[in-house]
Amino acid sequence: MYPPNQSVIGLDIGSNTFSCAEIRYTKNSANPIELIDDASLPVRLSEGLIEGGRLKPVAVKRGLDALTDLAEQFDIGNKPIRAVATAVLRKTSRPEDFIKPAEEILKTKIEIISGEEEAELTCKG
């Protein structure tokens, strides 16, 4: 848990949509989490992907452009962040085609999470 008034960012790099939210923990017991900002961008990173195949360069570019926009909107790089990637990067044969430049944009590591953890986070979300 972060100290009160510390904002943190969560970023979900999904197959079709990238979702980002910034929250702040508060001392208010009735509302311990305050939403500061959120955004969802349609990216279609998985466009044309077959399991074990490679991401299309046009889809990678869309994804990296979206991350650049989100990094600016949320001042990513100056706040704690957890960035997770889901099914699309579990299925591709070369996740590093996207992960490496994405981590440079975000200035943080991106976790490729399991399907089970993805489901758990979705339920908690």
Side-chain angles (χ1 to χ4, degrees):
M1 182 66 85
Y2 294 93
N5 296 320
Q6 168 72 57
S7 69
V8 296
I9 297 170
L11 174 62
D12 172 9
I13 297 170
S15 299
N16 292 302
T17 304
F18 292 2
S19 299
C20 192
E22 181 176 358
I23 62 168
R24 177 182 302 128
Y25 294 99
T26 70
K27 291 182 181 181
N28 182 343
S29 61
N31 188 18
I33 298 175
E34 172 190 3
L35 177 65
I36 297 169
D37 194 7
D38 70 333
S40 290
L41 301 176
V43 176
R44 300 181 340 270
L45 187 60
S46 64
E47 177 187 5
L49 179 67
I50 58 168
E51 189 148 354
R54 292 186 69 174
L55 297 171
K56 287 187 171 184
V58 67
V60 169
K61 182 178 181 333
R62 274 196 311 267
L64 297 175
D65 288 347
L67 290 181
T68 300
D69 292 345
L70 291 170
E72 183 177 313
Q73 178 179 343
F74 288 87
D75 194 22
I76 291 175
N78 294 313
K79 299 172 189 164
I81 182 172
R82 181 174 185 204
V84 299
T86 57
V88 65
L89 290 172
R90 287 192 303 266
K91 291 180 179 179
T92 182
S93 62
R94 293 191 37 95
E96 63 274 13
D97 290 348
F98 181 79
I99 293 285
K100 185 175 169 124
E103 288 178 340
E104 290 175 17
I105 291 167
L106 299 174
K107 298 176 181 36
T108 195
K109 289 286 185 192
I110 297 171
E111 301 171 61
I112 301 175
I113 60 174
S114 69
E116 292 80 15
E117 185 172 3
E118 180 180 355
E120 182 181 328
L121 289 172
T122 298
C123 289
K124 287 180 178 179

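Any value given below was found using the heavy atoms of this structure, including those in side chains, with hydrogens, waters and symmetry copies removed.
Of all the heavy atoms in Val60 and Leu55, the pair that sits closest is CG2-CB, 3.7 Å. Considering all non-hydrogen atoms of both residues, Gly52 and Ser93 come closest at O-CB, 3.1 Å. Nearest heavy atoms, Ile110 versus Glu103: N-OE2, 2.9 Å. When every heavy atom of Gly53 is checked against every heavy atom of Thr92, the shortest pair comes out as O-OG1, 2.9 Å. Nearest heavy-atom pair, Thr86 versus Ser15, reported as atom, atom and distance to 0.1 Å: OG1-N, 4.0 Å. Pairing each heavy atom of Arg90 with each of Ile113, the nearest pair is NH1-O, 2.7 Å.
Rounded to the nearest 0.5 angstrom, Asp37 CG and Asp75 CG are separated by 11.5 Å. Annotation: the span from Ile99 atom CD1 to Lys109 atom NZ amounts to 9.5 Å, rounded to 0.5 Å. Note that SG of Cys20 is 5.5 Å distant from CD1 of Ile9, once rounded to the nearest 0.5 Å. Rounding to the nearest 0.5 Å gives a distance of 7.0 Å between CG of Leu41 and CG of Asp69. Atom CG of Leu106 and atom CD1 of Ile76 lie 5.5 Å apart (nearest 0.5 Å). Rounded to the nearest 0.5 Å, atoms CZ (Phe98) and CD1 (Ile112) are 10.0 Å apart.
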Apply side chain to side chain contact (heavy atoms under 4.5 Å, CB included) to residues Phe18 and Asp12 and explain how you reach the verdict.
CA-CA 6 Å; Phe18 292 2; Asp12 172 9; over 6 Å; no
Please report the C-alpha distance between Leu11 and Val84 in whole Å, then the side-chain angles of each, then the deciding distance to 0.1 Å, and finally whether the side chain to side chain contact (heavy atoms under 4.5 Å, CB included) criterion is met.
CA-CA 6 Å; Leu11 174 62; Val84 299; over 6 Å; no
Steps toward side chain to side chain contact (heavy atoms under 4.5 Å, CB included) verdict (Ile36, Ile23):
CA-CA 5 Å; Ile36 297 169; Ile23 62 168; 5.9 Å; no
Under the side chain to side chain contact (heavy atoms under 4.5 Å, CB included) rule, what do Arg24 and Gln6 come out as? Steps first, then yes or no, please.
CA-CA 6 Å; Arg24 177 182 302 128; Gln6 168 72 57; over 6 Å; no
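Around atom CD of Glu72, no more than 12 heavy atoms belonging to other residues, nucleotides or ligands sit under 6.0 Å away.
Under the 3.5 Å distance criterion, the side-chain polar atoms of Lys100 are left unmatched by any main-chain donor or acceptor of Pro95. Under a 3.5 Å cut-off, the side chain of Glu22 and the backbone N or O of Leu35 do not form any donor-acceptor pair.
At a threshold of 4.5 Å between non-hydrogen side-chain atoms, the residues Val8 and Tyr25 count as touching. Contact annotation: the side chain of Asp97 approaches that of Arg54 to within less than 4.5 Å [non-hydrogen atoms, C-beta and beyond]. Annotation: side chain of Val43 is not in contact with side chain of Thr17 (no heavy-atom distance under 4.5 Å). Between Thr26 and Ile33, every side-chain heavy-atom pair lies at or beyond the 4.5 Å cut-off.
The salt bridge (Lys or Arg N to Asp or Glu O under 4.0 Å) check on Glu47 picks up Arg62, with sequence neighbours excluded. With sequence neighbours excluded, the residues satisfying salt bridge (Lys or Arg N to Asp or Glu O under 4.0 Å) with Lys61 are Asp65. Legend: residues meeting salt bridge (Lys or Arg N to Asp or Glu O under 4.0 Å) with Glu96, ordered by chain and number and at least two apart, are Arg94.
Between Glu51 and Lys91 there is no salt bridge, since none of the side-chain N atoms of the basic residue sits less than 4.0 Å from a carboxylate O of the acidic one.
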